[in-house]
Amino acid sequence: DPKIIQKPKYLVAVTGSEKILICEQYLGHNAMYWYRQSAKKPLEFMFSYSYQKLMDNQTASSRFQPQSSKKNHLDLQITALKPDDSATYFCASSQEGLGGETLYFGSGTRLTVL
Amino acid sequence: EQQVQQSPASLVLQEAENAELQCSFSIFTNQVQWFYQRPGGRLVSLLYNPSGTKQSGRLTSTTVIKERRSSLHISSSQITDSGTYLCAMEGTSNTNKVVFGTGTRLQVLP
């Protein structure tokens, strides 16, 4: 019974288009994150949110915009998609967003940009 | 840039053998976690080990802060242990950014 739900599981997009990756967590956590994993690089931190506020942004491009409509939601909007954006995007959460907390991950959305 | 190095990159074992995975950090950290990932699957936290030795079932992690390293020992390996093991650290204080290593891909054969 997954407590962090990511939708869709697979996503194919064309270059230049826009997509939204959905993430919902039912762990009662107050901090949520986005990570990206591609064949070329290790799992990379993208964003962290705590109590629906942006805490850290390590994504160079403004094409990536997290959206938090509710405390347990953190969606990721990606605009002007490029083939290099192809990767698996993982959502994660932790209790408060403080140091020393265990991270819990969703099963990921595998994005392919053609 | 904060980095995490893992070794070996891959490891093949016969069932029931033991495995030793290594992790080293570019900075001093006392926030170390080990994760497990099946191919194409989600990551599962195995152990949170800021320092010293911690055990969970067949897994034992030892973190030596002053040497900026951590290890994960898997005893009596099973076929279902196959997958990728990732080491991760938190960076500087007051941040909840977690930096991951490239992982050790473990294959346990019957």
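Being a predicted model, the structure only gives us computed values, none of them experimental. Each chain gets a letter, A, B and so on, in the order the sequences are listed, and its residues count up from 1.
- Legend: side-chain hydrogen bond (donor to acceptor under 3.5 Å, both in side chains) pairs involving residues 5-15 of chain B, not counting sequence neighbours: none detected.
- For residues 50-114 of chain A, every residue pair satisfying the disulfide (SG to SG under 2.5 Å) rule, not counting sequence neighbours, is listed here: A:Cys23-A:Cys91.
- Proximity to chain B is limited to the backbone of A:Glu101, based on heavy atoms less than 4.5 angstrom apart.
- Within residues 102-110 of chain B, the residues approaching chain A closer than 4.5 Å by heavy atoms are, in numerical order, B:Thr102.
- Of the listed residues (B:Val44, B:Val4, B:Leu43), the greatest number of heavy-atom pairs within a distance under 4.5 Å of chain A belongs to B:Leu43.
- Residue A:Gln6: no heavy atom, backbone or side chain, is found under 4.5 Å from chain B.
- Classification of the B:Tyr85-B:Tyr36 ring pair by plane angle, with boundaries at 30° and 60°, yields tilted.
- A:Thr88 does not touch chain B: none of its heavy atoms, backbone or side chain, sits under 4.5 Å away.
- Residue pairs satisfying the disulfide (SG to SG under 2.5 Å) criterion with at least one member in residues 39-70 of chain A, sequence neighbours excluded, are absent.
- Here CD of A:Glu44 is found 6.0 Å from OG of A:Ser38. Values are rounded to the nearest 0.5 Å.
- Note: A:Ser93 OG to A:Tyr49 OH = 15.5 Å, rounded to the nearest 0.5 Å.
- Note: A:Phe45 and A:Tyr35 have perpendicular aromatic rings, judged against thresholds of 30 and 60 degrees for the angle between ring planes.
- Proximity of B:Ile74 to B:Leu13: side-chain heavy atoms (C-beta onward) are nowhere separated by under 4.5 Å.
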